[in-house]
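We use all heavy atoms of the structure for the numbers below, so side chains are in, but hydrogens, waters and symmetry mates are not. Sequence lines set the chain letters: A, B, ... in the order given, protein chains first and strands last, and positions in each chain run from 1.
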Number of protein chains: 2
Amino acid sequence: MKPTAKQVAHEAGVSIAAVSRAFSPGSSIDPLKRQRILQVAAQLGYSSPARRTAEVISAGTVTLVAGDLANPFYPLVLDTLAKALQAVGRQLLVYAIPPQADMDQLTPQILAARPSALVVTSASLTSGMANACRQHGIRVVLLNRIQRNVRVNAVACDNHAGGRDAALFLLGRGRRRIGFIGGISNTSTHRDRAEGFSEALRESGHSVLAEGNGEFTYRGSYGAVLSLLTAKNRPDALFCCNDIMALAAIDAARELGLSAPEDLSIVGFDDIPMAGWRSYRLTTIRQPITRMISEVVGLIQASNTVPLDETTTSILPGKLIVRGSA
Amino acid sequence: MKPTAKQVAHEAGVSIAAVSRAFSPGSSIDPLKRQRILQVAAQLGYSSPARRTAEVISAGTVTLVAGDLANPFYPLVLDTLAKALQAVGRQLLVYAIPPQADMDQLTPQILAARPSALVVTSASLTSGMANACRQHGIRVVLLNRIQRNVRVNAVACDNHAGGRDAALFLLGRGRRRIGFIGGISNTSTHRDRAEGFSEALRESGHSVLAEGNGEFTYRGSYGAVLSLLTAKNRPDALFCCNDIMALAAIDAARELGLSAPEDLSIVGFDDIPMAGWRSYRLTTIRQPITRMISEVVGLIQASNTVPLDETTTSILPGKLIVRGSA
DNA sequence: TCATTGCGTGAAAAAATTTCATGGAGTCTG
DNA sequence: CAGACTCCATGAAATTTTTTCACGCAATGA
């Protein structure tokens, strides 16, 4: 009836001991053999007792690998995700990793906990990690990160269109000397927003006047904007790759006695709570967090019906929220 | 040499099967008997394989039960804690629970994951939970929460002294019509800060002019401050129980054409990153997050040497950071 | 009062893990 | 380059643990 290690051993042509070892992390066994055994075991639906315990422990838990919690957008994501999972009877575990840390170092730990799914918002998912997850039957969802070289699920805001919208809006406001404050250049959020933005400008016969690197932080953006605004050919508009950088831009402008929207227009991206605060009234592209999280939860919940290697990419439209800053 | 279930069974006067069952969650066994077996097992240093697996899984992991992630102070805590734990080779798991959710519902899930320690920053720890943790050998540290009815470790900023400092500072600035914007009244952070504040005023022969309830949120505070500032006897100073409420106070004042520090002084509590932003320059009491987290990590690391029922309460001094708002 | 149901229990069967002895691949050493 | 040595993977067997099974006891309901 219930599959046993003996059956798996027979099927895989190895000893029972080998099967046991395949399921005990850290025991001495050829990785290839382990892989073969685990595959056979998966086919027969076999789990070792230890594995079953682990499954019970982690039943219904989802692991979030989050970086850059200094950006208020991500606590917001964390909060929303936690609540959404709660609503479907699941729990959220968070690995908060420092921005520069290597995700591969975390891999064993994350896999050992056997989450039913992995949601990644940190910088990058290595393909090694992705493969390891596939092998262990862990569904992976990239949130607000698109990675073309790896076959995983992804949910993101339409960053490209958002960038376009920002450009068209600024042009519509009559701005022509338009600057751009970027984040970290090898992230998809930066790349897509930047591309959409400059593409739309180009199509309208314009181009990006000046560029600064704000590193996705307040401080980074503040400095970058100060130098952009004190340069010879001062921009009359700035599109910032995320909201904290846009808020920093407003503050940097104020430092120079300039104010938005009179002296320059400023547009952000994310729509974090502070964007609506009275001292900023930031015009920004709102990411549809609730819908994004719904998608993520949907993908996770589909675990039972949809095969693991059938991956989906959801690109949800953002929305331009016009407030006072542009 | 290594203790076995047989020995435990003999010692406890039960069958081997019973020992096995005691270690499998959800199996049919008298809770009292389970408890007795677990106790004997602990004495002999026995763990079932399943339990050992669980221990490996959760080795070095600390669970953070966090509420109110909308207050940027807590993501900051989360971030700092994650990095501190990383530095000592541990990992951080976060249960993000909605502010109003019942922690007792989470208890089984949290205990099943067998974290080596539990850090709680959410509203309240029930004594049932605390007892369950003690029984399972899980060290509990309350962070920024003091609870006198439960014997657990606690690390917090000296909220009482912080409240006093705020009061004395405002008096020193010549303010006399001093208002207070509170958070949620049954939290120790609210209570201690409010008490320290009004106590210091009283000792100097003054008193709190008016009180508003900001519910620890921007929106709540904004409304409360608006009504306080449009009332007959307008305060010339406000002490807000945390920083987002203080930032809301500055914004509400601006809405009425008033500005800090000219028309009124505003002091916050926490020193979140936004407090230093140019548009606010909030004078506030800085919580020593790094030191607090060090203490927390120290308490967790002491697991091996210090007995579980020896609890410590660390109250660390905050520091008044004078910026522009008062 | 008497089924009936559900739960806890130990003995025994079944299953899994660990130990042990072995052999082969790689590596250092003379 | 041979020989000794180490390291690690491996299956058989011993050991340990889990699960099944049958039973007994208490609570529930007709």
Side-chain angles (χ1 to χ4, degrees), chain A residues 1-59 107-108 111-114 128 131-132 135-137, chain B residues 1-59 107-108 111-114 132 135-137:
Chain A
M1 183 74 242
K2 203 171 58 178
T4 67
K6 203 171 174 181
Q7 291 171 43
V8 175
H10 184 256
E11 189 84 12
V14 296
S15 67
I16 300 179
V19 176
S20 175
R21 280 191 268 261
F23 277 93
S24 318
S27 61
S28 163
I29 187 174
D30 178 27
L32 238 74
K33 178 178 269 196
R34 164 176 278 157
Q35 192 177 330
R36 191 156 42 86
I37 292 172
L38 290 179
Q39 200 171 333
V40 173
Q43 254 171 34
L44 296 179
Y46 170 79
S47 276
S48 71
R51 166 73 76 99
R52 284 198 294 276
T53 306
E55 276 164 1
V56 168
I57 287 175
S58 52
T107 305
L111 295 181
R114 313 216 142 267
N131 287 332
Q135 242 172 57
H136 287 78
Chain B
M1 182 74 242
K2 202 171 57 178
T4 68
K6 205 171 173 180
Q7 290 170 42
V8 175
H10 184 257
E11 189 84 13
V14 297
S15 67
I16 299 179
V19 176
S20 175
R21 280 191 268 261
F23 278 93
S24 318
S27 62
S28 164
I29 187 172
D30 178 28
L32 237 74
K33 178 180 267 194
R34 164 176 278 156
Q35 194 177 331
R36 190 155 43 87
I37 292 172
L38 289 179
Q39 199 173 335
V40 172
Q43 255 171 35
L44 296 178
Y46 170 78
S47 274
S48 72
R51 166 71 76 98
R52 283 199 294 275
T53 306
E55 277 165 1
V56 169
I57 287 175
S58 51
T107 305
L111 295 181
R114 310 212 145 271
Q135 241 172 57
H136 287 78

| With the sugar-phosphate defined as primed atoms, P, OP1 and OP2, and the base as all remaining atoms, what B/S/- string results for nucleotides 19-24 of chain C, 5' to 3', for protein heavy atoms under 4.0 Å? | B-----
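Heavy atoms only, all atoms of each residue included: A:Tyr46 and A:Val19 are closest at CE2-CG1, 4.0 Å. The two residues B:Ile29 and B:Ala22 come nearest to each other via the heavy atoms CD1-N, 3.9 Å. Nearest heavy-atom pair, A:Gly45 versus A:Pro3, reported as atom, atom and distance to 0.1 Å: O-CG, 3.5 Å. The two residues A:Ala41 and A:Phe23 make their nearest non-hydrogen contact at CB-CZ, 3.7 Å.
OP1 or OP2 of C:dC7 has not a single side-chain nitrogen or oxygen of B:Lys33 nearer than 4.0 Å. Considering only side-chain N and O atoms, A:Tyr46 lies nowhere under 4.0 angstrom from the phosphate OP1 or OP2 of C:dA15. A:Ser20 has a side-chain polar atom (N or O) that falls below the 4.0 Å cut-off from OP1 or OP2 of C:dT17.
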| Stepwise side-chain contact (heavy atoms from CB on, under 4.5 Å) test for B:Gln35 and B:Leu38 | CA-CA 5 Å; B:Gln35 194 177 331; B:Leu38 289 179; 5.8 Å; no
| field | Check against side-chain contact (heavy atoms from CB on, under 4.5 Å), B:Arg36 and B:Gln39 | value | CA-CA 5 Å; B:Arg36 190 155 43 87; B:Gln39 199 173 335; 5.6 Å; no
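Going from atom CZ of B:Arg36 over to atom P of C:dG8 covers 14 Å, rounded to whole Å. If you take NE2 of B:His10 and P of C:dA11, they are 12 Å apart, rounded to a whole angstrom. As rounded to whole Å, 14 Å separates atom C1' of C:dA11 from atom NZ of B:Lys6. Regarding A:Ile16, its CD1 atom lies at a distance of 13 Å from the C1' atom of C:dT18, rounded to whole Å. In this structure, the CD1 atom of A:Ile29 is 13 Å from the P atom of C:dT18, given to the nearest Å.
Between the side chain of B:Arg34 and the backbone N or O of B:Arg21, at least one donor-acceptor pair lies under 3.5 Å.
Residues passing the side-chain contact (heavy atoms from CB on, under 4.5 Å) test with A:Glu11, sequence neighbours excluded: A:Val40, A:Leu44.
Note that the first and last nucleotides of DNA chain D, 5' to 3', having any atom under 4.0 angstrom from a heavy atom of chain B are D:dT16 to D:dT20.
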